[in-house]
Amino acid sequence: MLDLKRIRENVDGVIKRLNQRGEDFSYLHELVKHDEERREIISALETLKAQRNATSKSIGKLKREGKDIDEVMATLEHDKVTIQQLEKTLTSLENSIEKTLLMTPNIPHENIPIGKDEDDNPLIKTVGDIPKFTFEVKPHWELGPELNILDFDRATKMSASRFTVYKGLGARLERALIQFMMDLHSDTHGYTELILPYIINRKSMVAAGQFPKFEDDAFKLVDDRDLYLNPTAEVPSINMHRDEILTADQLPIRYVAFTTAFRQEAGSAGRDTRGIIRQHQFNKVELIQFTTPEQSYEALDCILASSEQVLKQLKLPYRVVELCSGDIGFAMAKTYDIEVYIPAYKTYREIGSISNAEDYQARRANIKYRPTKDAKPEFVHTLNGSGLAVGRTVVAILENYQQEDGSVKVPEVLIPYMKIDTIK
RNA sequence: GGAGUAGUACUCAAGCGGCUGAAGAGGUGCCCCUGCUAAGGGCAUAGGUCGGGGAACCGGCGCGAGGGUUCAAAUCCCUCCUACUCCGCCA
């Protein structure tokens with residue numbers, strides 16, 4: 001959520017920056033008008049309430065003294081109606097302001113590249129060499145069933161499309177990757193492990209910025225408690241500290257969480273229909289940080305480096321792009337995507353996303369910290385990054401490590417977890 | 001799933017329509033006495049948020065959350081959430 005004061009003080013500046021996202025945010029002028037009205041009403045209302053409070057108090061005294069109160073009662077009766085009317089107007093103004101703010105995305109960081117869509121995302125770096133195959137490569141959706149480690153048909157039978165059964169060494173590979181990533185981030189990079197609920201309430205979804213705008217992409221439980229399947233560990237993790245005031249020495253807080261993520265993929269019908277690139281259910285290891293505003297961009301680089309470390313150790317070729325203003329996520333001010341090379345596509349595909357939300361989520365989630373012992377609380381900055389998407393890592397390994405005979409070599413760092421060196 | 005009980009400030013806890021913007025205790029902070037590994041005394045301690053103001057300050061809201069009754073609610077009514085106890089079931 002954006003700071004209403006910031007919008008009020010510089011609407012045109014805010015709109016100009018938001019418009020870099022490629023939409024029109026001039027509706028914020030109306031928001032400012034509503035805000036002005038709102039403050040006028042508050043002033044009037046508070047004067048009336050102060051009066052009423054004082055008078056009501058005096059009634060208590062008069063009554064105890066046995067004096068007549070009819071006259072005072074009459075004026076109060078009149079004020080009561082006025083107060084009720086003003087309150088009604090105020091509530092509807094506040095609701096409309098709130099609604100607008102919740103639907104307005106974060107302001108892109110001032111230094112991010114301006115662009116329309118993913119084609120305008122500048123390349124930051126490329127790491128590792130694209131493997132040269134002396135035979136025709138197979139896509140993972142062929143390798144998987146042939147090795148008897150992925151089963152698409154049976155998954156559809158027991159569930160629906162976009163679900164997959166991992167079997168034998170496939171299941172082992174998934175589990176090994178999770179273990180490897182969690183160990184790396186907790187032991188080497190200093191993150192605290194979390195195991196989180198997979199069923200999330202609406203408030204948490206709103207706080208993280210998923211709702212109300214992206215409700216269609218969540219799986220809603222048929223339940224009168226308004227609960228949803230976890231779409232990414234970012235959501236429960238950010239909500240760890242919702243409505244809390246942290247102390248400066250608690251920061252930065254670093255969490256690593258493995259969760260299974262569930263997504264409707266509502267806008268993606270027909271895309272990536274083969275294989276496990278785009279599933280309704282997938283595993284992901286996520287890195288989360290809560291920092292002071294001063295430290296957040298340093299933390300962003302730090303998370304990026306930690307995520308890259310996963311691919312470096314797996315010896316998978318990847319590149320890093322920075323998202324341009326038109327491609328950046330709703331709640332984020334700046335984002336890097338890590339893309340891994342996928343031989344079947346002969347291109348790089350997103351395997352992780354590392355973002356700084358600055359104080360956008362912190363405002364929605366009301367997460368503050370006290371810079372010094374007696375200072376006023378300020379909003380923290382929140383960051384999140386994949387470390388990494390496990391299913392897509394499986395794809396990258398199967399395809400990049402495939403051999404001519406259809407077997408797949410196990411990356412060296414996974415051998416201790418897999419306890420074998422070849423999937424065949 | 002059935003039957004209860006409870007949610008008040010950092011913590012414990014009193015209050016059950018106006019004198020409570022919240023007694024009391026603990027904790028914490030400052031000060032005094034004393035002087036040696038103890039303790040005694042005094043004072044302070046609602047944070048947060050919103051509105052007004054250059055500021056000191058003033059005001060609104062706040063007793064789990066949201067509604068309602070009333071001139072006035074922590075206190076009465078309704079809905080919800082959470083925790084605990086007992087029974088049943090269960091990994």
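Below, chains carry the letters A, B, ... as their sequence lines are ordered, and counting in each starts from 1.
- Annotation: cation-pi geometry satisfied between A:Arg349 and A:Tyr345 (NZ/CZ under 6.0 angstrom from ring centroid, within 45° of ring axis).
- In this structure B:U5 sits in a base pair with B:A83, meeting the Watson-Crick or G-U test at under 3.5 Å.
- Separating the P atom of B:C81 from that of B:C90 is a span of 26 Å, rounded to the nearest Å.
- Distance CG (A:Leu93) to C1' (B:C50): 15 Å, rounded to an integer number of Å.
- Across the C1' atoms, B:G26 and B:U34 are found 24 Å apart, a figure rounded to whole Å.
- Between A:Asn53 and B:C61, a side-chain N or O to OP1/OP2 separation shorter than 4.0 Å is present.
- Of all nucleotides listed (B:C61, B:G48, B:G51), B:G51 comes nearest to the side chain of A:Glu46.
- The residue among A:Gln84 and A:Arg52 whose nearest nucleotide of RNA chain B lies closer to the 5′ end is A:Arg52.
- Taking 4.0 Å as the cut-off between side-chain N and carboxylate O, A:Arg202 and A:Glu215 count as a salt-bridged pair.
- Put simply, CD on A:Glu98 is 15 Å from C1' on B:G66, counting in whole angstrom units.
- Of all nucleotides present, only B:C43 satisfies the Watson-Crick or G-U wobble test against B:G29, with each distance under 3.5 Å.
- Look at B:A23: it lacks any Watson-Crick or wobble partner with both distances under 3.5 angstrom.
- One atom, CD1 of A:Ile41, and another, P of B:C50, lie 18 Å apart when rounded to the nearest Å.
- Residue A:Arg8 is classed as a sugar-phosphate contact, given heavy-atom separations below 4.0 Å to backbone atoms only.
- For the pair A:Glu94 and A:Ala50, both in contact range of RNA chain B, the more 5′-proximal nearest nucleotide belongs to A:Glu94.
- Here the nucleotide nearest the side chain of A:Lys49, chosen from B:G52, B:C61, B:U49, is B:C61.
- Shown here, B:C89 forms no base pair; nothing in the strands shown gives a Watson-Crick or G-U wobble contact with both key distances under 3.5 Å.
- Summarising the geometry, the separation between CG on A:Leu45 and P on B:C58 is reported as 21 Å, rounded to the nearest angstrom.
- With both pairing distances under 3.5 Å, B:C61 is matched to B:G48 as a Watson-Crick or G-U wobble pair.
- With hydrogens and angles disregarded, no donor-acceptor distance shorter than 3.5 Å links the side chain of A:Arg263 to the backbone of A:Asp217.
- With a cut-off of 3.5 Å on both pairing distances, the Watson-Crick or G-U wobble partner of B:C71 is B:G18.
- A salt bridge is defined here as a Lys NZ or Arg NE, NH1 or NH2 lying under 4.0 Å from an Asp or Glu carboxylate O, and A:Asp35 with A:Arg39 meets this definition.
- Both distances falling under 3.5 Å, in either a Watson-Crick or a G-U wobble arrangement, occur for no nucleotide opposite B:A38.
- Closest contact between the side chain of A:Arg370 and the listed nucleotides B:G51, B:U49, B:G47 involves B:G47.
- Between the CD atom of A:Glu87 and the P atom of B:G66 there is a distance of 13 Å, rounded to whole Å.
- Taking 4.0 Å as the cut-off between side-chain N and carboxylate O, A:Glu23 and A:Arg21 do not count as a salt-bridged pair.
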